[in-house]
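Atoms within each ligand, like the ligands themselves, are counted from 1 in listed order. Throughout, residue positions are numbered sequentially from 1 according to the sequence presented.
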Amino acid sequence: MKTSFATSIVRFFFASLFLTIAVKSGIPAELFSSTIPTKVLAAANSLPDPIQYPQYTSKSGGWLFFAPDTWTSGFFPATLYALNTRKSLCGATTENGLGIADWKTLARSTSAGLIPLETDPGERKNIQHDVGFISFPFAEELEINSKKPDISAVVAINNFAKALAARFNPTVGCTRSWDTKDTNDFQVIVDNMMNLEVLFLSAHLTNNKSLSDMAISHADTTMKNHIRPDGSMWHVIEYDATTGAVTKKRTAQGYSDSSAWSRGQAWGVYGFSNMYKHTNEDKYLETARRLATFFLDNIPESGVIPWDFGAPVEDRPPDSSAATVVANGLLMLSKYETDTHLAKQWSNAAIDILDKVTKQAWSPSWQSLLSQGTVNMPQKNSLTGTVYGDYYYVRAGNELLQMALAQCS
Ligand SMILES: *[C@@H]1O[C@H](CO)[C@@H](O)[C@H](O)[C@H]1NC(C)=O
């Protein structure tokens with residue numbers, strides 16, 4: 001076929017324009033690379049029998065597996081669901097590698113190992129309030145067909161919500177996080193903001209408003225007590241279970257009681273953006289903005305997000321999972337933000353964080369997608385891959401596609 005010179009010029013112009021846009025947008029190509037499905041399928045094929053789930057890697061990048069009764073067990077099946085979503089958004093091509101598995105079937109079979117946790121408190125003695133995190137794959141399953149939801153996913157969401165609701169104390173106004181020997185010592189961690197979703201989902205499925213009221217009460221109490229005037233957050237607030245009074249404000253996973261643990265701050269950004277999504281209450285939007293502003297203002301010049309913003313530079317490993325969690329929080333904030341200028345600012349910040357964490361932590365020779373995660377620094381567990389860091393990386397890619405901020409491949 002003969003192509004005229006003019007047509008070639010026009011084609012060249014559009015090709016360059018496209019390249020310029022792709023480069024300018026700063027969206028890392030790795031976010032949509034075939035390496036993702038390849039690694040995730042390899043991990044799915046290597047799950048132990050009876051089932052255990054990957055949580056973090058060794059310092060050389062090999063997954064370590066943990067019993068279902070671990071707070072992180074939902075993230076791997078949820079990642080399989082995220083690839084199912086991506087396949088429905090992008091189709092399967094040689095380039096994106098999404099055709100190598102039936103992600104939905106794999107996600108369902110992998111989630112099945114979580115079912116015994118639903119109704120047997122003995123099976124879930126270690127996860128306590130983390131029933132919220134554990135429910136993520138079932139929340140993803142509900143999204144596949146919201147008109148005719150899969151009944152086992154509905155049952156799972158309702159069971160996990162019921163388990164979380166049983167941890168609610170109306171005097172404190174929160175669901176209890178960690179169990180303590182002294183039952184009057186009622187501890188609430190910022191991570192718990194992520195667990196409220198299961199209460200909203202179940203409230204919707206069962207028309208039981210008391211569940212969403214608990215979520216709202218938990219968020220309001222957290223808003224009142226967990227946030228410092230500068231917009232940073234304490235990790236743990238301890239309450240007197242009888243009077244509801246605050247007895248202690250401290251850290252567990254951070255550097256000090258007065259510093260800001262970055263993943264906790266990221267949970268907060270996501271959690272309050274999610275509250276705004278569910279309620280349309282301005283106070284949650286304002287809170288999410290404050291938490292996001294603190295996070296963004298405290299990222300060091302290098303762009304590498306440290307495990308704790310207040311830790312001394314010589315004792316400050318990065319946490320790539322804080323980066324991917326906050327990217328999802330910022331994208332959700334951007335989606336529901338009422339000020340269009342700010343909305344752009346949040347999504348640009350999310351893209352910038354994803355770009356930098358990719359340059360810093362994308363590790364082709366590791367089994368995880370990213371390295372440089374900090375699981376628990378006080379326990380000296382850092383510089384690993386993390387299953388949640390990877391999950392939120394994949395999910396951020398999907399979110400960018402759904403918000404039309406990125407294109408497939
Ligand atoms: C709503 O949920 C709460 C918490 O699980 C429970 O105590 C209550 O019985 C439920 N109400 C109905 C009508 O099922």
When only distance counts, is Lys162 in polar contact with ligand 1, meaning an N/O pair under 3.5 Å?
no
Can you list the steps and then say if Tyr53 with Phe65 is a ring pair (Phe, Tyr, Trp, His ring centres under 6.0 Å)?
CA-CA 5 Å; Tyr53 297 92; Phe65 296 96; 9.1 Å; no
Do me a favour and list the nearest non-hydrogen protein atom to atom 5 (O) of ligand 1 with residue, atom name and distance?
Ala165 CB, 3.6 Å
Take atom 9 (O) of ligand 1 and look for protein heavy atoms under 4.0 Å from it; say yes if you find one, no if not.
no
Heavy-atom protein neighbour under 4.0 angstrom from atom 13 (C) of ligand 1:
no
Closest protein heavy atom to atom 1 (C) of ligand 1, given as residue, atom name and distance to 0.1 Å
Asn208 ND2, 1.4 Å
Is Asp179 paired with Arg167 through a side-chain N to carboxylate O contact shorter than 4.0 Å?
yes
Which ligand 1 atoms, with their elements, are less than 4.0 angstrom from a heavy-atom of Ser210?
1 (C), 2 (O), 3 (C)
Does the pair Tyr391 and Phe76 meet the rule for a ring pair (Phe, Tyr, Trp, His ring centres under 6.0 Å), with working shown?
CA-CA 7 Å; Tyr391 166 66; Phe76 187 70; over 10 Å; no
Cationic N near anionic O, under 4.0 Å, Asp355 to Lys359
yes
With the threshold set at 4.0 Å, does a side-chain nitrogen-carboxylate oxygen contact exist between Glu337 and Lys344?
no
